[in-house]
Amino acid sequence: MSNKTKEGSIIEPRVLKGFRDFLPAMEIPKKAIIGKLETHFSSYGFVPIDTPVLEYTEVLLGKGGGETDKQIFHFKDNGERDVALRFDLTVPFARFLAQHQSELALPFKRFHIDKVWRGENPQKGRYREFTQCDFDIVGVDNAEADFEILSMMDSSFAVMGIEDYQFCIAHRGLFNAFLAHLDIADKSIEILRTVDKLRKIGKDEVALQLARITGSTDKANRILSYIHKEDESESFLDTLDRLSALAGHEEVHTKRMRTIYAYLKAAGIAGHFVFDPSITRGLDYYTGIVYETFLTRLPHFGSVCSGGRYNDLASLYTKEKLPGVGSSIGLDRLLAALEELDSPIVQSTSSADAAILNTDAASFAYYDQLARNLRKAGVRVCVYLADKKLAAQYKWAENNAIPYAILVSKEEEEQNRFTLKNLVSRENHPNLTLQEALPILQRN
RNA sequence: GUGGAAGUAGUUCAAUGGUAGAGCACCAGAUUGUGGAUCUGGCUGUUGCGGGUUCGAGCCCCGUCUUCCACCCCA
C-alpha cells in the first residue's frame with residue numbers, strides 16, 4: 001500500500017467537517033468516563049444492546065419531523081438501497097423493540113453508548129459525529145420509571161465527577177393540555193419551538209413571535225406567563241400548581257409530576273432539579289416529562305444530557321403498546337465543556353503507573369520479567385523500548401504522564417530489587433523489593 | 001442548508017504588494033547515560049488548498065476546504 005497517487009504527490013491527510021480524530025489525551029478520559037457509566041448503568045440492572053450504524057432510511061425517518069430529514073446522512077448503498085446513518089440511538093431502539101419484543105421481558109431497561117451522525121453545521125461542542133450515552137426504560141408508563149431515569153441522570157453526573165449542573169424539567173403533556181385549554185393546540189409545534197428560545201432571545205422577543213403565531217396578544221401573554229417564572233425562587237411544587245391552574249386545573253400530568261417530585265425528595269436529590277416550563281424539546285416524539293441538563297458555568301454550551309417520555313414511538317413499527325422514558329448524555333459536548341473549564345477530568349492521561357527505564361539494553365529480559373510481576377500485582381507498567389539517554393527517557397515518561405520511573409542497577413538486579421523514582425517530586429526510593437514498592441505505586 | 005469572521009513553524013504571535021521572522025517547544029552535540037542550568041548547531045514553513053490580477057502576492061480578487069460565531073436545530 002502506498003499513500004501516494006500515480007503522479008507521486010502525497011494525499012493531504014484530512015477529515016470531514018464536524019468529524020474528528022481523538023488523540024490519547026482526549027480518548028483516555030473519554031474511555032474512562034464510558035467505563036464508569038457502563039459500570040454505573042449496570043449497577044441499576046440496565047443491560048447493554050447494540051444496533052447497526054446504518055439502517056433503512058424509512059425506518060429512521062418514520063417520525064421526528066422535517067428537521068431530522070434535513071440533518072440525516074442518507075445515500076444509496078451499492079445495492080441501490082436507500083440507507084441512512086442513525087441520527088440518534090432512540091429511534092433505532094424503537095425499531096429494535098418492535099422487532100424483538102417477543103425475546104424481551106418487560107419492563108426492559110437498556111443502555112447504549114455509541115456514535116450517531118447529524119449533518120448539521122458544526123460549532124464548538126457540536127459535531128457531525130458524536131457519542132451519545134443512552135439509557136431507557138420501556139414497557140411501563142408511570143412515575144416510578146420516570147423517577148428512575150432522573151435518579152440515574154443525577155448519579156451518573158456524580159459518577160463522572162462533574163459538579164455544577166442543573167436538570168431542567170418540564171412536561172410536554174401538561175403544556176399541550178394548556179394549549180388545548182387556550183384552543184391553540186393545532187399550532188403546538190410552532191409554539192413549542194418558539195418557547196424553546198426563551199433562554200436565548202428573551203421574553204419580549206418570544207412574546208412578539210407568539211403573538212404572530214397565535215394571532216392574539218392575549219394568548220401570547222398567557223403562554224408567556226406559563227413559560228416564564230416571574231419569581232425565580234418559585235418552588236417546584238408552586239410552579240406546578242400555577243401551571244395546572246393555567247391549564248384549566250389539569251390533573252393527570254400534574255399528579256404524575258407531583259409523585260415524581262416526592263420520589264426525588266425522598267431520595268434526597270430534589271435540589272438538582274428545577275421546574276423550567278420553557279423546556280419543550282424539539283423532537284416531536286415526546287409525550288410526557290422532558291428534561292435538559294446545563295452546566296451552570298457554561299450554560300451557552302447547551303444541554304449535555306436530555307430526554308423524556310415517548311409513549312408512542314414504537315407504534316411506528318408495531319401495534320403493541322410500548323411506552324418508554326429515557327435520557328442521553330452528550331459525551332462529546334460534555335468533554336468539550338470540561339476542556340473549556342480546564343477540568344481535571346480531561347487531564348488524567350497517564351498511560352501507565354510506572355515505566356521501567358532502559359539503563360542497560362542487555363537487561364531487557366530482566367526488565368520484562370519485572371514488568372510481568374508488577375502487572376500481576378495490578379500495576380500498569382511499561383518497559384522503555386528504545387535505547388536512549390536517560391534524559392530522553394525521563395522526558396518520554398513525563399510526556400506520557402507516567403508518575404513513576406523504575407531504575408535497576410546491576411547490584412539491585414542481583415538482589416531482585418530496584419529503585420522507584422517519583423517523576424514529579426524527583427524523590428528516589430532505592431533498593432526496594434516488589435512488595436515494598438507496591439504501596440507507593442498504589443497510592444496513585 | 002443560509003449569513004459573517006478567521007486560517008503564517010509543533011504552539012503562541014509578527015511581517016506597507018518588494019528576499020518569511022521572534023519566544024516557547026522539539027532534535028543533535030558540548031556532557032559524564034539519574035534529566036529541569038548554560039552554550040553551539042539544526043528542522044522550524046509548498047504562508048490551508050487551487051486559480052487570477054501584477055514585473056512581483058502571506059497581503060488584492062475569485063473559488064474551495066476547515067475552524068469559530070449567528071440563524072436553524074440539538075447532545
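The sequence lines fix the lettering, A, B, ..., with proteins before strands; numbering per chain opens at 1. Just so you know, these numbers use all the heavy atoms, side chains as well, and skip hydrogens, waters and symmetry mates.
Proximity note for A:L390 (side chain, C-beta onward) versus B:U2, B:C73, B:U34: the nearest is B:U34. In the set B:C73, B:U66, B:C74, the nucleotide with an atom closest to the side chain of A:K200 is B:C73. For A:Q123, taking side-chain heavy atoms from C-beta onward, the closest of the listed nucleotides B:A28, B:G35, B:A70 is B:A70. For A:R426, whose side chain is taken as the heavy atoms from C-beta onward, the closest listed nucleotide among B:C74, B:C73, B:G35 is B:G35. Minimum atom distance to the side chain of A:S303 is reached by B:A75, of the listed B:C73, B:A75, B:U34. When distances run from any side-chain atom of A:K197 to the nucleotides B:C74, B:C68, B:C72, the shortest one goes to B:C72. Taking every side-chain heavy atom of A:E398 into account, B:G35 is the closest of B:C69, B:C73, B:G35. Set against B:U66, B:A75, B:U2, the side chain of A:N121 has B:U2 as its closest nucleotide.
Residue side chain A:R118 reaches the base of B:A75 through a donor-acceptor N/O pair under 3.5 Å, judged by distance alone. For B:C72, its base never sits under 3.5 Å from the side chain of A:R193 at any donor and acceptor pair.
Stacking of A:K30 on the aromatic ring of A:F22 is recorded, both the 6.0 Å distance cut-off and the 45° axial limit being met.
Between the P atoms of B:U54 and B:U12, the separation comes to 37 Å (whole Å).
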Trace of the side chain to side chain donor-acceptor pair (under 3.5 Å) decision for A:S303 with A:S306:
CA-CA 7 Å; A:S303 175; A:S306 313; 2.4 Å; yes

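A:K389 comes within contact range of at least one nucleobase, with a heavy-atom separation under 4.0 Å. Residue A:G307 is out of contact with every strand shown, counting any heavy-atom pair closer than 4.0 Å.
Between A:H272 and A:Y165, the two ring planes are tilted [angle within 30° to 60°].
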